[in-house]
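These numbers come from the heavy atoms of this one structure, side chains and all, not from hydrogens, waters or symmetry mates. In this text, all values refer to a predicted model and were calculated from it rather than measured experimentally.
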Amino acid sequence: MAKLNDSDKTSSGFWVTQEAPIEAANPVATPQAEAPDILRCAYMELVVTDLAASREFYVDVLGLYVTEEDEEAIYLRSTEEFIHHNLVLRKGPVAAVAAFSYRVRTPEDLDRAVAFYTELGCEVRRSEQGFVKGIGDSVRVVDPLGFPYEFFYQTDHVERLAWRYDLQKPGELVRLDHFNQVTPDVPRAVRHYQDLGFRVTEDIQDNEGTVYAAWLRRKPTVHDTAATGGDGPRMHHVAFATHEKHNILAICDKLGALRLSDHIERGPGRHGVSNAFYLYLRDPDGHRVEIYTQDYYTGDPDNPVVTWDVHDNQRRDWWGNPVVPSWYTDASLVLDLDGKPQPVVARTDSSEMAVTIGADGFSYTREGDETKGFKLGETL
């Protein structure tokens, strides 16, 4: 693992380099085949056990718009979306993720996806009619990390509701922003997704070079997906963006008014990583949903990479508020292409929770600190 230089450290407390100093000890082979040209994360297909309860949470509480629905599935989209959906809720026996779906630049990129993953020896399936409503010719694979990925170009267009102010609510969700994936070997994940054309924007490491998480993007924001170190493959969260932080506060107020505040797992707050204002919720099945706003532009080819010290308690919350342990331990299962849960492999590298949360269940600021502040458990 590359060593971080103190000369790269900024006054804000993190390191800035031109490329993430991350090296995989056990990399996935780089195919000779050209990778598909990914535009952005486009939708997630979630399996839920109670479709009515999930509809109430995502539609009645969070305000996503129903494109169409039947007894087996609900297709939802955010305000500014023009493709058929950003989220599919499908009824099933086990709560899990069926697909992390990405839109590609051209129909020919589906051929590239088939060749890319076939060379890697992955399971690859293609459906000219698509695997879900509203999406045409698609490729689904189980990638080398065990995640169910989908690639598509053709999609039904629907009304973009950005001008429908008569429909909009104080906590309006305007875009699908990103996925977050839990994987035992973060450097291996980073190297593989770099082969797909993703660029690292931020990461978390320690002085020994252990990588605890990394953020990767295709569109010019902080991320389309992130690799979080932990037992996996699992899904940590799916994130929707709002326009302003007051939209997130409105969601909190609404949950409080409905006596549903137990859906709030963490936040509201501001991340150090990504600089975004955030709120983490748990849906009726325990799937984690982030509401997210105000990250930054990353589209220039020389966009600098930000590396955080794992012992900096401002990396996860800029105000230094503790991270709840469930945020590290809980995540959703992911499915194979037959709909069966993928086996979960334990992480063997150091755990971020273990090195940053003490026995009293509270985070500490720096490794070796002997004095903790009032909000870190000393007053209990």
J.: Establish whether W215 and V289 are linked, either directly or via other cluster members, by ILVMFWY side-chain heavy-atom contacts under 4.5 Å.
T.: yes
J.: Going hydrophobic residue to hydrophobic residue with side-chain gaps under 4.5 angstrom, can you get from I204 over to V200?
T.: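 In one cluster: yes.
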J.: Calculate, to the nearest 0.5 Å, the distance between atoms CD and CD1 belonging to Q154 and I83 respectively.
T.: 10.5 Å
J.: Is there a donor-acceptor contact under 3.5 Å from the side chain of T79 to the main chain of L173?
T.: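 A pair under 3.5 Å: yes.
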J.: Under 3.5 Å, is there a donor-acceptor pair between the D285 and T49 side chains?
T.: yes
J.: If you measure only the distance, is there a donor-acceptor pair under 3.5 Å linking the side chains of D317 and Y278?
T.: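 Yes, because at least one side-chain N or O of D317 sits under 3.5 Å from a partner of the opposite role on Y278.
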J.: Take atom NZ in K245; do more than 12 heavy atoms of anything else shown fall under 6.0 Å from it?
T.: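 Open.
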J.: Can you tell me if S261 uses its side chain to pair, donor with acceptor, with the backbone of R259 under 3.5 Å?
T.: no
J.: For D262, is there an ion pair with R282 - N to carboxylate O distance below 4.0 angstrom?
T.: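 The answer is no: the pair does not qualify as a salt bridge.
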J.: More than 12 non-hydrogen atoms from neighbouring residues, nucleotides or ligands closer than 6.0 Å to NZ on K169, yes or no?
T.: yes
J.: So, T228 side chain and A213 main chain: donor-acceptor pair closer than 3.5 Å or not?
T.: no
J.: If you group Ile, Leu, Val, Met, Phe, Trp and Tyr by side-chain heavy-atom gaps below 4.5 Å, do V141 and F100 land in one group?
T.: yes
J.: Say whether H236 and E290, considering side chains only, have a donor N or O and an acceptor N or O under 3.5 Å apart.
T.: no
J.: Any Lys/Arg nitrogen of R125 or E123 sitting under 4.0 Å from an Asp/Glu carboxylate oxygen of the other?
T.: yes
J.: V48 and M44: same hydrophobic cluster, using ILVMFWY side-chain contacts below 4.5 Å?
T.: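 Yes, same cluster.
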J.: Say whether E159 and Y65, considering side chains only, have a donor N or O and an acceptor N or O under 3.5 Å apart.
T.: no
J.: Between H237 and W327, how do the two ring planes meet: parallel, tilted or perpendicular, split at 30° and 60°?
T.: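 Ring orientation, 0 to 90° scale: tilted.
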J.: Return yes if some donor-acceptor pair links the side-chain N/O of D109 with the main-chain N/O of V104 below 3.5 Å, else return no.
T.: no
J.: Using modelled atom types only, decide if a donor and an acceptor are shared between the side chain of D231 and the backbone of V344 within a distance under 3.5 Å.
T.: no
J.: Hey, are R40 and D224 close enough for a salt bridge, meaning a charged N less than 4.0 Å from a carboxylate O?
T.: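 Here R40 does not pair with D224 in a salt bridge, since their nearest N and O are not under 4.0 Å apart.
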J.: Between the side chains of D166 and R164, is the shortest nitrogen-to-carboxylate-oxygen separation below 4.0 Å, so that they form an ion pair?
T.: yes
J.: Say you draw a straight line from CH2 of W318 to CG of N275; how long is it, rounded to the nearest 0.5 Å?
T.: 7.5 Å
J.: How long is the span from the OG1 atom in T293 to the NE2 atom in H243, to the nearest 0.5 Å?
T.: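 Separation between the atoms: 8.0 Å.
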J.: Closer than 3.5 angstrom, by distance alone: can the side chain of D338 be matched with the main-chain N or O of K340 as a donor-acceptor pair?
T.: no
J.: Looking at F82, is its backbone amide N or carbonyl O close enough to the side chain of R160 to form a donor-acceptor pair, meaning the two atoms are under 3.5 Å apart?
T.: no
J.: Determine the interplanar angle of the Y117 and H192 rings, folded into 0 to 90°, and report it as parallel if under 30°, tilted if 30 to 60°, perpendicular if over 60°.
T.: perpendicular
J.: May I ask you to check whether over 12 heavy atoms, not counting those of Y153, lie within 6.0 Å of atom OH?
T.: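 Count not over threshold, so no.
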J.: What is the distance from atom CG of D195 to atom OG1 of T30, rounded to the nearest 0.5 Å?
T.: 3.5 Å
J.: How long is the span from the CG atom in L196 to the CG atom in L216, to the nearest 0.5 Å?
T.: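 Reported to 0.5 Å precision, the distance equals 10.5 Å.
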J.: Looking at CD of E56 and CG of D50, how far apart are the two atoms once the value is rounded to the nearest 0.5 Å?
T.: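 It comes to 9.5 Å.
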J.: Is a salt bridge present between K91 and E72, judged by a nitrogen-to-oxygen distance below 4.0 Å?
T.: no
J.: So, are R126 and D111 salt-bridged, with charged N and O less than 4.0 Å apart?
T.: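 Judged by the 4.0 Å cut-off on N to carboxylate O distance, R126 and D111 do form a salt bridge.
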J.: Before you tell me yes or no, could you show the steps for H84 and E68 under side-chain hydrogen bond (donor to acceptor under 3.5 Å, both in side chains), namely the whole-Å CA-CA distance, both residues' side-chain angles and the distance that decides it to 0.1 Å?
T.: CA-CA 9 Å; H84 187 265; E68 60 178 299; 2.8 Å; yes
J.: Under the side chain to side chain contact (heavy atoms under 4.5 Å, CB included) test against R234, which residue among V182, V97, V345 passes?
T.: V182
J.: Can you find a pair of side-chain heavy atoms, one from P187 and one from V211, that are under 4.5 Å apart?
T.: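 Touching, per the 4.5 Å side-chain cut-off.
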J.: Let me know which of F179, Y292, F198 forms a ring-ring contact (aromatic ring centres under 6.0 Å, His included) with H223.
T.: Y292
